[in-house]
Amino acid sequence: MNKINFAKAVKLLEEAYEDWDAPAKRFERGYRRTPYTIMISVVLSFRTKDEVTLAADKKLFALADTPEKMVKLSRQEIEKVIYPVGFYRKKAQTILDISHTVLERFKGEVPRSEAELLGIKGIGPKAANIILESAFGVETVAVDIHVHRILNRWGFVSTKTPEESLKILKEKLTPAEQKGLNKLLVSFGQVLCRPVKPICSECPVVQLCERKL
DNA sequence: AAAACGGGGGC
DNA sequence: GCCCCAGTTTT
């Protein structure tokens, strides 16, 4: 797929977004959405299905939805609630570590810069991107496993890893063209262009896709 | 560069 | 039963 068709595909996706992304809005969160709860929720979501994460979010934030309250819980209390998400021992410890860091280093406020977020143990590049985007509305440029898969299926890149895809994306596209792309393609990858059994019959871009994967 | 951390959902 | 999950830290 060349750059012209890539731009067309993105445009088609944007125009049809409300239709195909409706299922992604099916979740009622049932807890206060603050930068802090968003950050903790991101930690819980690592390598875990959305439905499972959400159930754990609700239970955990019913117990504590601020760092002040969270550090009063024991690791075992947290583990008990988040058990189904997997990696529960490590994640419980990470949640406590992060809460302490936010309290002590940042006066209880989640920092707004990527560098400061990355300085927190337990927050890596992907988590920092999600937090910046979801909590502070910053449009980030990143290539996660969804975006990587889609770019390859479309035939816009031919790469092995998300890191390679990101490199090529930055070479091929201007910063303006990259803006908002990540969020759009992640939604697309979750709803239609899934890893297994993509729903090509409902895909707005199927005519342009080269189905490379 | 590879291992370790893991239970739950879809098929 | 097998594959997958917006990942990060440690070895």
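What you are looking at is a predicted structure, and each value in this text was computed from that prediction instead of being measured.
Side-chain atoms of A:Asn152 and A:Thr159 include a donor-acceptor pair closer than 3.5 Å. Between the side chains of A:Asn129 and A:Glu133, no donor-acceptor pair of N or O atoms lies under 3.5 Å.
Taking atom C1' on both C:dT9 and B:dG8, the two are 24 Å apart, rounded to the nearest angstrom. Taking atom P in both C:dT11 and B:dG6, the straight-line distance is 15 Å, to the nearest Å. Taking atom P on both B:dC11 and C:dA6, the two are 15 Å apart, rounded to the nearest angstrom.
Put simply, NE2 on A:His146 is 8 Å from C1' on C:dC5, counting in whole angstrom units.
Residue-level contact check: A:Lys49 touches the bases, meaning some heavy atom is under 4.0 Å from a base atom. Nucleic acid contact for A:Glu133: base, since at least one base atom lies under 4.0 Å from a heavy atom of the residue. Within 4.0 Å of A:Phe87, counting heavy atoms only, lies at least one base atom of the nucleic acid.
Residues A:Val42 and A:Val138 fall within the same hydrophobic cluster, defined by Ile, Leu, Val, Met, Phe, Trp and Tyr side chains chained together at heavy-atom separations under 4.5 Å.
Both A:Val196 and A:Lys121 lie close to DNA chain C; mapped to their nearest nucleotides by heavy-atom distance, the more 5′-ward contact belongs to A:Val196. A residue-by-residue look at A:Thr48 and A:Pro125 shows that A:Thr48 has its nearest nucleotide of DNA chain C further toward the 5' end.
In this structure, A:Lys91 forms no cation-pi arrangement with A:Phe46, as its terminal cationic atom is not both closer than 6.0 Å to the ring centre and no more than 45° off the ring axis.
Helical stems in DNA chain B, defined as runs of 3 or more consecutive Watson-Crick or G-U wobble pairs with donor-acceptor distances under 3.5 Å: B:1-5 with C:7-11, B:7-11 with C:1-5.
Comment: A:Arg105 does not engage A:Glu116 in a salt bridge, judged by the lack of any side-chain N to carboxylate O separation of less than 4.0 angstrom.
Relative ring orientation between A:Trp154 and A:Phe188 is described as tilted, the plane-to-plane angle lying within the 30° to 60° band.
Protein chain A contacts DNA chain B over a range whose 5' and 3' limits, counting nucleotides with an atom under 4.0 angstrom from a non-hydrogen atom, are B:dC5 to B:dC11.
A donor-acceptor contact under 3.5 Å is formed by the side chain of A:Asn182 with the base of C:dA6.
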